[in-house]
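In what follows, a single structure is set out as structure tokens and then discussed.
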Amino acid sequence: MRTGHGVESYQTERLRKDGSLVSILLSVSPLRDRKGTVIGASAIARDVTAKIRAEQALQRSEKLATAGRLTAAIAHEINNPLEAITNLLYLARRDPTRAEQHMEMAEREVQRIADIAQQTLGFVREVSEAKSLNVAETLDEVLQLYSPKFMSGHIELQKEFEEDCEVQGFSGELRQLFSNLIVNAVDAMPGGGRLRVRVSRTHEPDGRGRAGVRVTVADTGIGIPAADRPRLFEPFYTTKKDSGTGLGLWLSEGIVRKHEGTIQVRTSTQPGRSGTIFSLFLPQNS
Ligand SMILES: Nc1ncnc2c1ncn2[C@@H]1O[C@H](COP(=O)(O)OP(=O)(O)OP(=O)(O)O)[C@@H](O)[C@H]1O
Ligand SMILES: [Mg+2]
């Protein structure tokens with residue numbers, strides 16, 4: 001203070017006469033005489049109790065919003081395996097010769113739900129470690145789950161799978177990612193259409209040129225209007241008022257990021273040739 005510098009204001013607490021505490025912001029600055037010599041100090045105390053209360057209330061409401069988001073995310077992740085189990089039970093009943101196989105797949109989906117519950121309790125996304133897995137096989141399993149949906153929705157499925165498409169990854173989360181993209185594609189083709197899925201070995205075109213696997217999911221659906229494109233990966237962004245949570249792509253992007261991959265979208269709303277292609281790159285070693 002004697003050198004003529006002001007003290008940065010700082011926050012502190014003082015006791016009121018009635019005994020209650022008051023938060024104040026204290027700023028102290030030097031007082032000078034005409035020649036500029038420091039002759040004293042002035043202190044300004046501002047009561048900031050109300051401001052601090054408002055900040056605390058905001059923090060609390062943000063925490064609540066986070067809890068709400070988390071709940072919605074869990075519901076979303078559980079919904080896909082539940083739908084898969086429903087489909088598999090239907091298939092098992094219709095075709096008793098393959099019931100065993102369908103039951104086995106249903107069991108895995110039940111395990112997936114158990115994993116989600118476990119992870120939620122532990123607050124970590126995937127408990128296990130990344131393992132070597134075949135992307136084409138994983139995607140094919142998901143496609144099988146949705147075969148009743150393709151049939152009833154008049155959707156023709158085209159698969160182009162290369163062999164040996166292995167990556168280090170989390171199979172449960174990749175299944176979740178693929179189902180989100182497939183369900184979105186189906187939703188975009190209410191009157192039927194063609195779903196083309198491809199898996200191939202590749203190198204990243206730019207950046208580090210890493211070896212990995214490219215997955216594309218292409219539909220002949222309605223496409224995404226230009227105005228909506230920047231918001232696709234935002235949480236809760238949905239155009240499906242009654243049925244969507246808008247968490248599918250947001251969760252998917254998180255899964256891709258966890259695998260150190262990339263996700264891109266190309267889309268057209270041009271009548272007669274509309275459709276959307278989601279293209280993923282998953283590096284071999286993430
Ligand atoms: N293949 C697609 N074709 C056309 N629009 C799409 C496609 N994929 C996503 N969208 C658009 O992006 C929005 C967000 O997708 P996202 O998967 O995040 O949420 P949602 O599908 O609406 O809800 P949820 O996934 O919870 O069921 C969709 O509402 C839709 O408008
Ligand atoms: Mg979706």
What pairs meet the ring-ring contact (aromatic ring centres under 6.0 Å, His included) rule with one or both residues in residues 130-168, with sequence neighbours excluded?
none

Non-hydrogen atoms of Pro283 and Gly261 that approach each other most closely
CD-CA, 3.7 Å

Could you list all the salt bridge (charged side-chain N to carboxylate O under 4.0 Å, His left out) pairs where at least one residue sits in residues 275-286, not counting sequence neighbours?
none

CA sep, side-chain torsions, deciding dist, call: Leu177, Leu280, side-chain contact (heavy atoms from CB on, under 4.5 Å):
CA-CA 10 Å; Leu177 163 66; Leu280 308 172; 3.9 Å; yes

Which residue pairs satisfy the ring-ring contact (aromatic ring centres under 6.0 Å, His included) criterion with at least one member in residues 182-215, sequence neighbours excluded?
none

To check you understand the geometry: which heavy-atom pair defines the closest contact between Trp250 and Phe233, and what is its length?
CD1-O, 3.4 Å

Evaluate the side-chain proximity of Leu139 to Ile182: yes if any heavy-atom separation is below 4.5 Å, no if none is.
yes

Heavy atoms of other groups near Arg16 CZ, more than 12 under 6.0 Å
yes

How many angstroms lie between CG in Leu247 and CG in Asn79, if you round to the nearest 0.5 Å?
11.0 Å

Check whether any side-chain N or O of Asn87 sits under 3.5 Å from a backbone N or O of Leu145 as a donor-acceptor pair, and report yes or no.
yes

With salt bridge (charged side-chain N to carboxylate O under 4.0 Å, His left out) as the rule and sequence neighbours excluded, what pairs involving residues 142-161 come up?
Glu83-Lys149, Asp140-Lys159, Glu160-Arg198

Between Leu174 and Leu282, does a side-chain contact (heavy atoms from CB on, under 4.5 Å) hold up when you go through it step by step?
CA-CA 10 Å; Leu174 288 182; Leu282 299 169; 4.2 Å; yes

Salt bridge (charged side-chain N to carboxylate O under 4.0 Å, His left out) pairs touching residues 93-102, sequence neighbours excluded, are none

Tell me every residue that passes salt bridge (Lys or Arg N to Asp or Glu O under 4.0 Å) with Arg257, counting only those two or more places apart in sequence or in another chain.
Glu253

Applying salt bridge (Lys or Arg N to Asp or Glu O under 4.0 Å), can you list everything that pairs with Arg229, at least two apart in sequence or on another chain?
none

Quick one, His76 and Asn180 - any side-chain contact, counting heavy atoms below 4.5 Å?
yes

Under the salt bridge (Lys or Arg N to Asp or Glu O under 4.0 Å) test, which residues partner Arg196, sequence neighbours left out?
none

Backbone N/O of Gly275 and side chain of Arg266: donor-acceptor pair under 3.5 Å:
no

So do Met189 and Ile222 actually touch side chain to side chain, heavy atoms under 4.5 Å?
no

Atom of Thr269, atom of Gly223 and distance for their closest heavy-atom approach:
CG2-C, 3.7 Å

CD1/Ile155 to CZ/Arg194 distance, rounded to the nearest 0.5 angstrom?
12.0 Å

With rounding to the nearest 0.5 angstrom, report the CG to CD distance, Asp228 to Glu234.
10.5 Å

Enter the distance from Gln176:CD to Ser252:OG here, rounded to the nearest 0.5 Å.
7.5 Å

Test Val197 against Phe178 for side-chain contact (heavy atoms from CB on, under 4.5 Å), laying out the working first.
CA-CA 10 Å; Val197 286; Phe178 298 148; over 6 Å; no

So how far is it from Arg112 CZ to Ser179 OG, rounded to the nearest 0.5 Å?
8.5 Å

Got a sec, which residues hit ring pair (Phe, Tyr, Trp, His ring centres under 6.0 Å) with His259, two or more places apart in sequence or on another chain?
Phe170

Mark yes or no for whether Thr37, through its side chain, and Asp33, through its backbone, hold a donor-acceptor pair below 3.5 Å.
no

Interatomic spacing from CD1 in Ile263 to CG in Leu181 - rounded to 0.5 Å:
5.5 Å

Has Ser147 got a side-chain atom pairing as donor or acceptor with Leu143's backbone, closer than 3.5 angstrom?
no

Pairing residues for Arg34 by the side chain to side chain contact (heavy atoms under 4.5 Å, CB included) criterion, not counting sequence neighbours:
none

Sequence-distant partners of Glu260, salt bridge (Lys or Arg N to Asp or Glu O under 4.0 Å), two or more places apart:
none

Test side-chain contact (heavy atoms from CB on, under 4.5 Å) on Glu162 and Val213; report intermediate values, then the result.
CA-CA 10 Å; Glu162 250 179 43; Val213 171; over 6 Å; no

Residue pairs, two or more places apart or on separate chains, that pass side chain to side chain donor-acceptor pair (under 3.5 Å) and touch residues 212-222
Arg214-Ser279

